[in-house]
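Reading through the structure tokens given below for one structure.
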Amino acid sequence: MVDSDAMRKTFLVPEIKPLDQYDFQRARVCASLGWLLAKSYGNAENVPEELREPFYSDQYEQEHIKPPVTRLLLSSDLYCRVCGLVLGGEGGAPRDNAALLQLLACRGVSLQEQDVPVTEADLRHKPIKMGAHLAVIDGLMSLCAMETMSAAKMPSGLEKFGGGSQWENAVLYWVNKIRYRKDKMLPKQTPTFPLVASVKDLSNGCAIAALVHFYCPSLLRLEDVCLKDTMSVADSLYNLQLIQEFCQSCLNSCCPLALEDLLYTPPTLKLNIMAFMAELFGWFEVRKPDFVRPKEPVDLEDPSGLSDCTTPTSANSNSASPAFVFKQHFLPISSPLSPGGGSGERRRRLRRCWDCWGLCSHTHLYM
């Protein structure tokens, strides 16, 4: 790849929460509510300002869900409206939570909180049972992803690929199908895109950024993506910022996930991240706005290369990607982050800064 600073995008090192201060459950609430409200209001930019941050702190510095958000959740209108929008007017929106639960069950979407089925009474309960409401949002995200992924024909046998649902397997197949094609097109000296076998393989941003480049090469150049055999935290954050910027500027801010969510990929956010990937599929393979112009078409129904897309190998699998633990906060600095495997002085200075901050990593944290 060309190693020219003038040719690359630059970002400041973002301030993110260290893993030991990162609240997985809070992140899930924010990401799930962000998705729900964006669907309800058309996109994230239309969500009223007072609803964009769901938490407030009381006088004891304890966080709670804001009353306006709670009122929306306790009303069946929000869920029913989103369900109707997801189904595109098919049969109309359910009239209440009872009808919603029945519809989701008929679609094969099971709603459970700690292995107990969610009931209509749970959704009316005061104080709010947030676990039950998160289960409903999970169900709506799954329904939306199912509808999106079913819009394109896929080869048979995907039910044997991966350990997730049919639509999750279809998402992984799609990501790896594009990876397979890009591997065949790239020069040998270019690092290959690791095979994506699970959500944590998306955490360095390589596969997602490669998807964006494949479908929108004029908007994200390959030389702007950091692709290396060993990705550091700085490299990963750079790619993830590229993805967030693209989603904000071109896809109606369709990513409700924070940088930490994408970097750490905690198990509690697996569905949220997979739903985001299905959203990207919807933009690139279903809606296809004018700026989606891949250099060559891709036939997802074509089973050729299926084994390369679905069988991890020791050379390409990214299954040993480390999860990262930070000893202290990341502090924004004036030097920009930029991609590539070159040895430019700016990148060396950044590397020294990150090392001095006591960065350490541990593999198998999320195995």
Side-chain angles (χ1 to χ4, degrees), residues 9 34-35 38-46 82-90 140-156 158 165-186 193 196 202 205-225 239-240 242-257 262 272-306 309:
K9 293 178 179 290
W35 179 91
K39 288 296 179 185
S40 177
Y41 286 92
N43 60 62
E45 297 171 358
N46 293 336
V82 170
C83 184
L85 291 171
V86 166
L87 296 177
E90 179 185 339
L140 290 171
M141 279 194 292
S142 296
L143 180 65
C144 183
M146 289 164 57
E147 293 292 308
T148 301
M149 299 308 298
S150 65
K153 294 182 178 179
M154 299 281 186
S156 59
L158 289 183
S165 63
Q166 179 73 10
W167 72 263
E168 290 175 312
N169 294 343
V171 167
L172 293 179
Y173 164 74
W174 168 60
V175 173
N176 288 310
K177 180 74 171 180
I178 302 303
R179 166 199 163 269
Y180 169 78
R181 293 173 64 83
K182 294 301 294 183
D183 279 355
K184 300 302 181 184
M185 295 166 57
L186 289 175
F193 308 111
V196 177
L202 300 170
C206 292
I208 306 177
L211 281 174
V212 175
H213 166 74
F214 181 85
Y215 286 98
C216 306
S218 64
L219 298 180
L220 181 60
R221 303 172 304 171
L222 192 61
E223 56 264 33
D224 281 331
V225 180
N239 282 346
L240 296 175
L242 276 181
I243 295 160
Q244 282 197 334
E245 181 193 62
F246 177 81
C247 291
Q248 182 176 3
S249 61
C250 300
L251 305 183
N252 292 338
S253 300
C254 73
C255 180
L257 299 156
L262 294 167
N272 302 75
I273 295 171
M274 290 299 285
F276 167 60
M277 296 304 296
E279 182 79 13
L280 292 180
F281 179 88
W283 280 101
F284 295 149
E285 283 289 338
V286 182
R287 281 174 269 185
K288 299 180 181 179
D290 291 340
F291 57 80
V292 175
R293 297 178 181 177
K295 291 183 177 179
E296 61 174 317
V298 56
D299 183 3
L300 294 175
E301 196 175 6
D302 179 12
S304 62
L306 180 63
C309 297

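If you're wondering where the values come from, they're calculated on a predicted model, not measured in any experiment.
- Classified by interplanar angle (parallel below 30°, tilted 30° to 60°, perpendicular above 60°), the ring pair Tyr215/Phe284 is parallel.
- Rounded to the nearest 0.5 angstrom, Leu251 CG and Ser249 OG are separated by 7.5 Å.
- With rounding to the nearest 0.5 Å, the separation of CD in Gln166 from CE in Met146 is 9.5 Å.
- Under the 4.5 Å side-chain criterion, counting only non-hydrogen atoms from C-beta, Leu211 is in contact with Trp174.
- Sequence neighbours left out, the pairs with a member in residues 281-292 that pass salt bridge (Lys or Arg N to Asp or Glu O under 4.0 Å) are Glu279-Arg287.
- Contact between Leu85 and Lys39 at its shortest, heavy atoms only, is CD1-O, 3.3 Å.
- Taking SG from Cys206 and CG from Leu240, the interatomic distance works out to 9.0 Å, rounded to the nearest 0.5 Å.
- At least one side-chain heavy atom of Leu143 sits under 4.5 Å from a side-chain heavy atom of Leu87.
- The two residues Pro217 and Arg293 have their closest heavy-atom pair at CD-O, 3.4 Å.
- Leu219 has its side chain out of reach of Val212: every pair of non-hydrogen atoms, C-beta onward, lies at least 4.5 Å apart.
- The local environment of CD in Glu45 is crowded, with over 12 non-hydrogen atoms from other residues, nucleotides or ligands closer than 6.0 Å.
- Separating the CG atom in Leu140 from the CH2 atom in Trp35 is a distance of 5.0 Å, to the nearest 0.5 Å.
- The aromatic rings of Phe246 and Phe291 stand perpendicular to each other, their planes meeting at an angle above 60°, with 30° marking the opposite boundary.
- A 4.5 Å side-chain heavy-atom check between Glu168 and Val171 finds every atom pair outside the cut-off.
- Using a distance-only test at 3.5 Å, with no hydrogens or angles considered, a donor-acceptor pair links the side chain of Asn176 to the main chain of Leu172.
- Closest heavy-atom contact between Leu262 and Cys255: CD1-SG, 4.3 Å.
- Residue pairs meeting the salt bridge (Lys or Arg N to Asp or Glu O under 4.0 Å) criterion with at least one partner in residues 207-217, sequence neighbours excluded, are absent.
- A distance of 4.5 Å separates CG of Asp302 from NZ of Lys177, quoted to the nearest 0.5 Å.
- A side-chain donor-acceptor contact under 3.5 Å links Asn43 to the backbone of Asn46.
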- Message: Please evaluate residues Gln244 and Leu257 with respect to the criterion side-chain contact (heavy atoms from CB on, under 4.5 Å), reporting the C-alpha separation (whole Å), side-chain torsions for both, the decisive distance (0.1 Å), and the verdict.
- Response: CA-CA 9 Å; Gln244 282 197 334; Leu257 299 156; 5.6 Å; no
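- For the atom pair CE of Met154 and CG of Leu300, the computed distance is 5.0 Å after rounding to the nearest 0.5 Å.
- Taking both residues in full, the closest heavy atoms of Glu301 and Pro155 are given as O-CB, 3.9 Å, listed atom of the first, atom of the second, then distance.
- Listed here is the closest heavy atom pair of Ala207 and Val196: CB-CG2, 3.6 Å.
- Between Ile208 and the choices Leu280, Val225, Val175, Asn239, the side chain to side chain contact (heavy atoms under 4.5 Å, CB included) rule is met once, by Leu280.
- Nearest heavy-atom pair, Ala278 versus Trp167, reported as atom, atom and distance to 0.1 Å: CB-CZ3, 4.3 Å.
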- Task: Could you go through the side-chain contact (heavy atoms from CB on, under 4.5 Å) check for Trp283 and Val292 one step at a time?
- Result: CA-CA 8 Å; Trp283 280 101; Val292 175; 5.7 Å; no
